[in-house]
Number of protein chains: 2
Amino acid sequence: MRLTTKGRYAVTAMLDLALHYKDGPITLADISQRQGISLSYLEQLFSRLRKQELVDSTRGPGGGYRLSRDSHDIAVADVITAVDEKVETTRCGGLSNCQDDSQCLTHDLWTELSAQIHEFLMGISLGNLVERQGVQEVAARQEKAETNFGMSKDAVANS
Amino acid sequence: MRLTTKGRYAVTAMLDLALHYKDGPITLADISQRQGISLSYLEQLFSRLRKQELVDSTRGPGGGYRLSRDSHDIAVADVITAVDEKVETTRCGGLSNCQDDSQCLTHDLWTELSAQIHEFLMGISLGNLVERQGVQEVAARQEKAETNFGMSKDAVANS
DNA sequence: ACAAAACCAAGCATTTTAGTCAAGTATTTT
DNA sequence: AAAATACTTGACTAAAATGCTTGGTTTTGT
């Protein structure tokens, strides 16, 4: 389990979906605009999220993405592992004979550590995050900005 | 808090120090040999570990590095933050106006998440790791290899 | 038909990672 | 004092990851 900005982007986007669940399918363009993530990058991320069946997609006008299940049933860990392809960064590769025909100190240690972090992130769902105060506040501000300044859309697109 | 292989190398090296604490100062050459990490890379890592006062160094023949305090008083989080210079990967930089003059959804969320992971890793000390079974076993194997095959030292150095 | 959307894929610029290399400086044993 | 050993510093590099761009193709509601 790695924690990178890629995972953060994915979690943010999924959180956006969770926040706007009641609005029906959400387009990537909407997410791009609200969260300031490029459309193409979102496409890449959602390709994986869809393969992991974390989201459902609808094509055509009025289409978009929706969470595949209740936000409380999607863990942050699910989202992160979906977009972070697990590169085996151990020298060992799949085997565990990276050193003197035995596995290195690193191997066991990091595997265990990683498992515990994973477990921790499994305990936090998108639903949990939506309920948090800070998230609510920012989301409200984003909605407001959206309705008040129609021009900001183009301003962002042109920058 | 980022989790990369760099942090893993650092934790591994520190764990090696913890395991050989009783042997007096440990040279980086020893760690390099036992853990299969290049000497120069270790030098970089230990430069930071020393600046964070996680290790004490002794120069001259017979010198080397030692944990600056008991292994139970050094958290895994300490080691990782020491070597992972905190790059502000948020668009916001120091400010929090990355989007529409307000902070993005990401900001609060990831800060909080990151804090929790940090807290978690603060709860695991090098001492804890040393006590684990798997670590003991690998360490024993490494010691054995060291005493049995004196030639492996040169073999590694020449490769 | 047309436009809005998802989907797909190649490729690019930049940054980060994981190291190496080279040339030091400092300490201690002899 | 000399040599051995240890640490420091900074430049450099190959490979990977990041985030984006471009240029499509399908699918579908109107």
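The chains referred to below are lettered A, B, ... by the order of the sequence lines, with proteins before strands, and numbering in each begins at 1. Quick caveat: nothing in here was measured; it's all calculated off a predicted structure.
- Atom CD of B:Glu43 is surrounded by more than 12 heavy atoms from other residues, nucleotides or ligands within 6.0 Å.
- For B:Phe120, the ring-ring contact (aromatic ring centres under 6.0 Å, His included) criterion is met by no residue, not counting sequence neighbours.
- Remark: C1' of C:dA6 and CG of A:Leu49 are 14 Å apart, rounded to the nearest angstrom.
- Proximity of B:Tyr9 to the phosphate of C:dG19: a side-chain N or O atom is located under 4.0 Å from OP1 or OP2.
- The nearest whole Å value for the distance from the CG atom in A:Leu39 to the P atom in C:dC7 is 12 Å.
- No salt bridge links A:Asp56 with A:Arg69; every basic N to acidic carboxylate O contact stays at or beyond 4.0 Å.
- C:dC8 atom P lies 13 Å from atom CZ of A:Arg48, rounded to whole Å.
- Separating the CD1 atom of A:Ile37 from the C1' atom of D:dT18 is a distance of 13 Å, rounded to the nearest angstrom.
- Atom NZ in A:Lys6 sits about 14 Å away from atom P in D:dA16, given to the nearest Å.
- Judged purely by atom type and a 3.5 angstrom limit, B:Ser32 has no side-chain atom pairing as donor or acceptor with the backbone of B:Leu28.
- Inter-residue side-chain proximity for B:Arg8 and B:Ile80 is flagged as unmet; no heavy-atom pair is nearer than 4.5 Å.
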### Task
Sugar-phosphate means primed atoms, P, OP1 and OP2; the rest is base. With that split, encode nucleotides 6-15 of chain D 5' to 3' as B, S or - using protein heavy atoms under 4.0 Å.
SBBB------
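- Look at CD1 on A:Ile31: it is 17 Å from C1' on D:dG19, rounded to the nearest Å.
- Identified under the ring pair (Phe, Tyr, Trp, His ring centres under 6.0 Å) test for residues 32-55 of chain A, with sequence neighbours left out: A:Tyr9-A:Tyr41, A:Phe46-A:Tyr65.
- Straight-line distance from the CG atom of A:Asp56 to the C1' atom of D:dT27: 16 Å, rounded to whole Å.
- Proximity of B:Tyr41 to the phosphate of C:dG19: no side-chain N or O atom is located under 4.0 Å from OP1 or OP2.
- Whole-Å rounding puts the B:Gln35 CD to C:dG19 C1' distance at 17 Å.
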